[in-house]
Amino acid sequence: MTWTWSVAAALLLTLLLWLAAAGWAVVAHRPVPVAADGPTMELRGEPPALVEFLTGGWESGRGAPRATLLDLAARGFLALEQTGPDPRDTLVRIRPPRKGPSGEPLPLLPYEDLVLARVTALASGGVLPAGALARGTEEEDRGWWREFRRAVAADARSRGLARDRYPARLKAALTLGAVAPAVLAAVLFVSLTGPGGWFMSLAVGLGAWACGSVLVARLTGERETPEGTAACAHWLGVREWLARDESFPGLPPAAVALWDRYLAYAAATGVARSALAVLPLGPRDERRAWSTYGGGWHEVRLRYAPAPARTLRPPRDSVRLALRRIGSASIVLLLVAWWHALQPAEIRLPVASLPLLVAQVVLVTGLLMGSRWLWTGRRPVIPLAAYVYGGLLGFVAFTGGLQVSGQWAVPPQVAWAQLPPVLVAAPALLGYLFLLAAALLDLSRRAWTEGEVVRLRTGRKELRHLALDPGGRTAVTAWPVRPELYGALREGAVVRVLRGPVLGHVYEVVTVTPSPQGELFPAAEPAEPAESADTEASESWEAPGLPGLTVPAALSALLRRADPAGFLPVAEAARILDVRLQASDTPPGLGIVTYVAPDGRTALLLQTASGALGRRLLATHKRGAAPVDAAGADAAYARGRRLVLRCGDHVLMLELPHGADPSVLQALAAAAARRMVSPSP
């Protein structure tokens with residue numbers, strides 16, 4: 001027996017050492033947090049999916065495919081068109097493959113090709129509503145997402161921005177180290193079963209080693225390199241610059257035509273939340289969320305706390321329940337102690353003492369019925385109690401046997417009947433003593449916590465969780481809350497939560513600042529614009545629900561200063577292009593006008609902005625563009641099928657469709673510049 005215990009102790013020691021080594025490997029090889037270089041608008045060469053990977057802790061999040069979709073639209077592979085006042089009315093239009101100077105299709109990165117292939121497969125007739133992006137089964141999405149994530153990680157490694165989180169030598173050492181506990185497990189099995197069990201001991205050892213190898217194989221992930229750290233710091237600075245602009249969080253996906261790749265990078269860094277919400281390319285990641293609490297956008301990881309009954313139940317009810325069940329368990333243990341203290345070997349039952357025996361039976365039955373009432377909180381049911389306790393007395397009578405002589409012999413085996421009540425009542429007593437202490441501490445030490453609601457989740461069996469970011473955290477815990485508190489909450493709101501520190505019960509939730517999102521997708525129909533004699537008031541328009549989702553307040557105020565059709569009327573554009581044109585229906589206030597040919601194809605897109613937004617629009621599109629001469633314009637830049645010009649405080653962008661002759665852009669710009677300098681009625 002000494003040898004067996006020695007082997008068991010050695011097995012336990014080696015197993016603990018191996019687990020400690022594996023835990024150290026997980027902690028010591030975590031990605032190092034990176035600080036931002038400072039706000040900047042300069043863009044590097046990494047695509048948005050790779051930017052999301054770098055700024056998300058060297059791990060791809062669910063926003064990466066959506067940011068890639070926006071980037072493909074900005075680069076001309078897709079078109080995003082908003083056909084109504086609601087951003088949900090966005091259409092994804094498949095464009096012909098873009099070709100390079102040699103006539104070959106422009107290459108795409110593997111994960112960009114995955115996004116484009118998925119959208120193309122879902123589209124019908126080259127058009128796909130944004131809401132249909134979430135089509136497909138959960139299993140299909142899981143496989144597609146696995147391939148996308150692997151492709152992003154492979155691209156990061158090929159660029160030298162990431163490396164394997166766990167080196168091959170470390171994993172080999174851990175796999176080799178699992179041999180020691182596996183051998184000891186086999187030896188322990190032989191010592192317990194004897195020499196004849198050597199074959200099974202070999203199977204046990206191999207099984208233990210296989211379990212350790214599987215755990216080592218699950219140690220995967222990426223971490224930073226010096227080049228990746230520098231790139232991450234730069235993109236964190238870009239995120240700070242984007243977050244300073246109040247218009248980005250509310251921009252719809254169709255605004256990619258105005259902001260080019262900046263909207264895609266804003267989505268990759270979590271700033272363009274509305275554009276992400278409108279493009280449901282796969283389910284959202286329930287383990288990650290974005291928050292602005294404490295200043296600036298930052299990502300937090302979510303952990304969902306379990307929701308036992310003691311957490312959802314008010315602690316006052318837990319105190320009452322604990323007191324009842326402590327009393328119930330105490331009665332059972334006292335009866336067992338009384339029986340154990342007597343230790344009778346023989347009970348004589350003369351007729352003269354029969355009333356005393358009946359009284360004792362009645363007393364014990366009453367105590368047990370009282371214990372049942374304390375435990376369940378229900379009134380004693382006499383027929384059920386008589387059946388249960390009569391069965392107990394019958395068991396005792398059967399084991400000993402009532403002799404004709406009036407003597408009741410108690411066999412030694414009856415002493416084992418004391419064990420089941422002790423095994424049940426003693427742990428229950430300890431558990432409810434802990435519950436009583438925890439509930440009292442919870443009531444006395446509850447405190448308020450203020451933060452932003454970053455995630456609301458309804459799970460199985462109507463289980464509800466609230467994730468609150470108090471600021472300065474990289475990981476937060478989602479707490480279970482009662483349904484009556486959950487219904488009034490909105491993601492993005494700043495709330496104060498009264499919560500206990502021990503049981504974690506949420507007592508109260510008070511809204512400090514309502515959510516700027518409101519109802520992201522309201523059921524109500526958009527309100528019609530009010531009639532007014534004031535021209536500017538009659539043209540004002542705002543979608544219900546999320547304030548500023550369709551037209552952000554600041555953006556709308558800037559764009560309403562000029563109408564693109566006033567700078568270049570449809571008749572003049574038709575004369576220059578030598579084709580019949582008509583203006584498509586566009587929601588007012590967006591500063592966007594599309595001229596279409598009789599067959600419905602887009603012939604010219606005009607967008608205008610003024611003030612700070614106009615200057616930023618010009619700075620965005622002048623990068624990589626060549627200056628051109630547009631009579632009367634202060635500045636004009638052309639790049640491919642797009643031309644941007646500025647006259648005074650106004651900026652106008654002209655864009656032709658694929659296959660159009662870009663040489664007509666200069667004539668269109670000259671015609672628009674004359675009206676921008678001297679507007680005609």
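Residue numbers run from 1 in the order of the sequence given. Below, all heavy atoms of this structure are taken into account, side chains as well, without hydrogens, waters or symmetry copies.
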Participant: For a quick test of reading the model, state the closest non-hydrogen atom pair linking Arg310 to Ser318 and the distance between them.
Facilitator: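 Smallest heavy-atom distance, with atoms named: O-OG, 4.2 Å.
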
Participant: Can you check whether Val27's main-chain N or O pairs, donor with acceptor, with Arg30's side chain at less than 3.5 Å?
Facilitator: yes

Participant: Between His29 and Tyr166, is there a donor-acceptor pair closer than 3.5 Å when you use the side chain of the first and the backbone of the second?
Facilitator: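 Pair absent, no side-chain N/O of His29 close to backbone of Tyr166.
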
Participant: Please determine whether side-chain contact (heavy atoms from CB on, under 4.5 Å) holds for the pair Thr14 and Trp18, giving the CA-CA distance in whole Å, both sets of side-chain angles, and the decisive distance to 0.1 Å.
Facilitator: CA-CA 6 Å; Thr14 54; Trp18 187 86; over 6 Å; no

Participant: Which heavy-atom pair separates Leu50 from Ala156 by the least distance, and what is that distance?
Facilitator: CD1-CB, 3.6 Å

Participant: How about Arg482 and Leu485: do any of their side-chain heavy atoms sit closer than 4.5 Å?
Facilitator: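 SC-SC contact between Arg482 and Leu485 confirmed.
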
Participant: Please say whether more than 12 non-hydrogen atoms of neighbouring residues, nucleotides or ligands are located less than 6.0 Å from CZ in Arg163.
Facilitator: yes

Participant: What's the spacing between Thr90 OG1 and Gln82 CD if we round to 0.5 Å?
Facilitator: 5.0 Å

Participant: Rounded to the nearest 0.5 Å, what separation is found between the NE2 atom of His505 and the OH atom of Tyr507?
Facilitator: 6.0 Å

Participant: Among Leu15, Leu11, Val179, Leu13, which one satisfies side chain to side chain contact (heavy atoms under 4.5 Å, CB included) with Leu184?
Facilitator: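 Passing option: Leu11.
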
Participant: Check whether Arg455 reaches the backbone of His465 with its side chain - one donor and one acceptor, N or O, closer than 3.5 Å.
Facilitator: no

Participant: For Glu224, enumerate each residue passing the salt bridge (charged side-chain N to carboxylate O under 4.0 Å, His left out) test, keeping only those at least two apart in sequence or located in another chain.
Facilitator: none

Participant: Could you tell me which residues satisfy side-chain contact (heavy atoms from CB on, under 4.5 Å) with Arg445, sequence neighbours excluded, listed by chain and number?
Facilitator: Leu441, Pro501

Participant: A side-chain contact here means heavy atoms from C-beta on lying under 4.5 Å apart; do Leu70 and Tyr265 qualify?
Facilitator: no

Participant: Side chain of Arg157, backbone of Ala162: donor and acceptor closer than 3.5 Å?
Facilitator: no

Participant: Considering non-hydrogen atoms only, spot the tightest contact between Pro31 and Trp58 and give its length.
Facilitator: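 Closest approach of Pro31 to Trp58: CB-CE3, 4.4 Å.
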
Participant: For the pair Thr311 (side chain) and Leu503 (backbone), establish whether a donor and an acceptor sit closer than 3.5 Å, ignoring hydrogens and angles.
Facilitator: yes

Participant: Report yes or no: does Glu450 contribute a side-chain atom to a donor-acceptor pair with the main-chain N or O of Pro470 at less than 3.5 Å?
Facilitator: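 Not at all, since once roles are kept as given, no pair shorter than 3.5 Å links the two residues.
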
Participant: Would you check if the side chain of Ser274 reaches a backbone N or O of Pro249 as a donor-acceptor pair within less than 3.5 Å?
Facilitator: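 Checked: pair present.
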
Participant: Val300 and Thr474: side-chain contact (heavy atoms from CB on, under 4.5 Å), yes or no, with the steps?
Facilitator: CA-CA 5 Å; Val300 293; Thr474 58; 6.0 Å; no

Participant: Look at atom CH2 of Trp209 and say whether more than 12 heavy atoms of other residues, nucleotides or ligands are closer to it than 6.0 Å.
Facilitator: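 Open.
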
Participant: Would you indicate whether the side-chain heavy atoms of Glu112 and Asp71 approach each other to under 4.5 Å?
Facilitator: yes

Participant: Is it possible for you to check whether Arg118 lies under 6.0 Å from the centre of the six-membered ring of Trp144, through NZ or CZ, and within 45° of that ring's axis?
Facilitator: yes

Participant: Do the non-hydrogen side-chain atoms of Val497 and Val510 ever get within less than 4.5 Å of each other?
Facilitator: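 When only atoms from C-beta onward are counted, Val510 and Val497 do not touch, as no gap falls below 4.5 Å.
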
Participant: Give a yes or no answer on whether the side chain of Asp442 reaches the backbone of Val502 with a donor-acceptor pair at less than 3.5 Å.
Facilitator: yes

Participant: Using 0.5 Å steps for rounding, measure from the CZ atom of Arg496 to the OG1 atom of Thr511.
Facilitator: 11.5 Å

Participant: Side-chain contact, heavy-atom cut-off 4.5 Å: Pro47 with Leu109?
Facilitator: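 With C-beta onward as the side chain, the pair touches.
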
Participant: Which heavy atom of Ser158 sits nearest a heavy atom of Asp155, and at what distance?
Facilitator: OG-O, 2.7 Å

Participant: Quick one: does Arg313's side chain get under 4.5 Å of Leu435's, heavy atoms only?
Facilitator: yes

Participant: How many angstroms lie between atom OH of Tyr111 and atom OG of Ser60, to the nearest 0.5 angstrom?
Facilitator: 9.0 Å

Participant: Contact between Val495 and Glu452 at the side-chain level, heavy atoms closer than 4.5 Å - yes or no?
Facilitator: no

Participant: Under a 4.0 Å threshold between the charged nitrogen and the carboxylate oxygen, would Arg301 count as salt-bridged to Glu59?
Facilitator: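 Judged by the 4.0 Å cut-off on N to carboxylate O distance, Glu59 and Arg301 do form a salt bridge.
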
Participant: Can you measure from CZ (Arg239) to CD (Glu52) and round to the nearest 0.5 angstrom?
Facilitator: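 It is 10.5 Å, given to the nearest 0.5 Å.
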
Participant: Looking only at heavy atoms, which two atoms of Leu276 and Gly270 are closest? And how far apart?
Facilitator: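 Between these two residues, the closest heavy atoms are CD1-CA, 4.4 Å.
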
Participant: Considering only heavy atoms from C-beta outward, does the side chain of Pro480 approach that of Arg464 to under 4.5 Å?
Facilitator: no

Participant: Please determine whether side-chain contact (heavy atoms from CB on, under 4.5 Å) holds for the pair Arg149 and Phe53, giving the CA-CA distance in whole Å, both sets of side-chain angles, and the decisive distance to 0.1 Å.
Facilitator: CA-CA 9 Å; Arg149 186 174 54 190; Phe53 174 85; over 6 Å; no

Participant: May I ask you to check whether Tyr262 and Trp241 place their ring centres under 6.0 Å from each other?
Facilitator: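 Aromatic pair counts; centres sit under 6.0 Å.
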
Participant: May I ask you to check whether Phe248 and Trp259 place their ring centers less than 6.0 Å from one another?
Facilitator: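 Ring centroids of Phe248 and Trp259 are less than 6.0 Å from each other.
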
Participant: Quick one: do Thr449 and Arg499 satisfy side-chain contact (heavy atoms from CB on, under 4.5 Å)? Show the steps, please.
Facilitator: CA-CA 8 Å; Thr449 302; Arg499 181 173 177 268; 5.7 Å; no

Participant: Give a yes or no answer on whether the side chain of Trp479 reaches the backbone of Ala305 with a donor-acceptor pair at less than 3.5 Å.
Facilitator: no

Participant: Can you measure from OG1 (Thr68) to CG (Asp113) and round to the nearest 0.5 angstrom?
Facilitator: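 One gets 11.5 Å once the value is rounded to the nearest 0.5 Å.
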
Participant: Report all side-chain donor-acceptor pairs from residues 225-238 shorter than 3.5 Å, counting only partners two or more places apart or in another chain.
Facilitator:
unit_1 : atom_1 : unit_2 : atom_2 : d
Thr225 : OG1    : Gly160 : O      : 2.6
Thr225 : OG1    : Leu161 : O      : 3.4
Thr225 : OG1    : Gly228 : N      : 3.0
Thr229 : OG1    : Thr225 : O      : 2.9
His234 : NE2    : Glu42  : O      : 2.8
Trp235 : NE1    : Glu46  : OE1    : 3.0

Participant: Grab the two heavy atoms, one from Tyr432 and one from Ile326, that are nearest each other, plus how far apart they are.
Facilitator: O-CD1, 3.6 Å

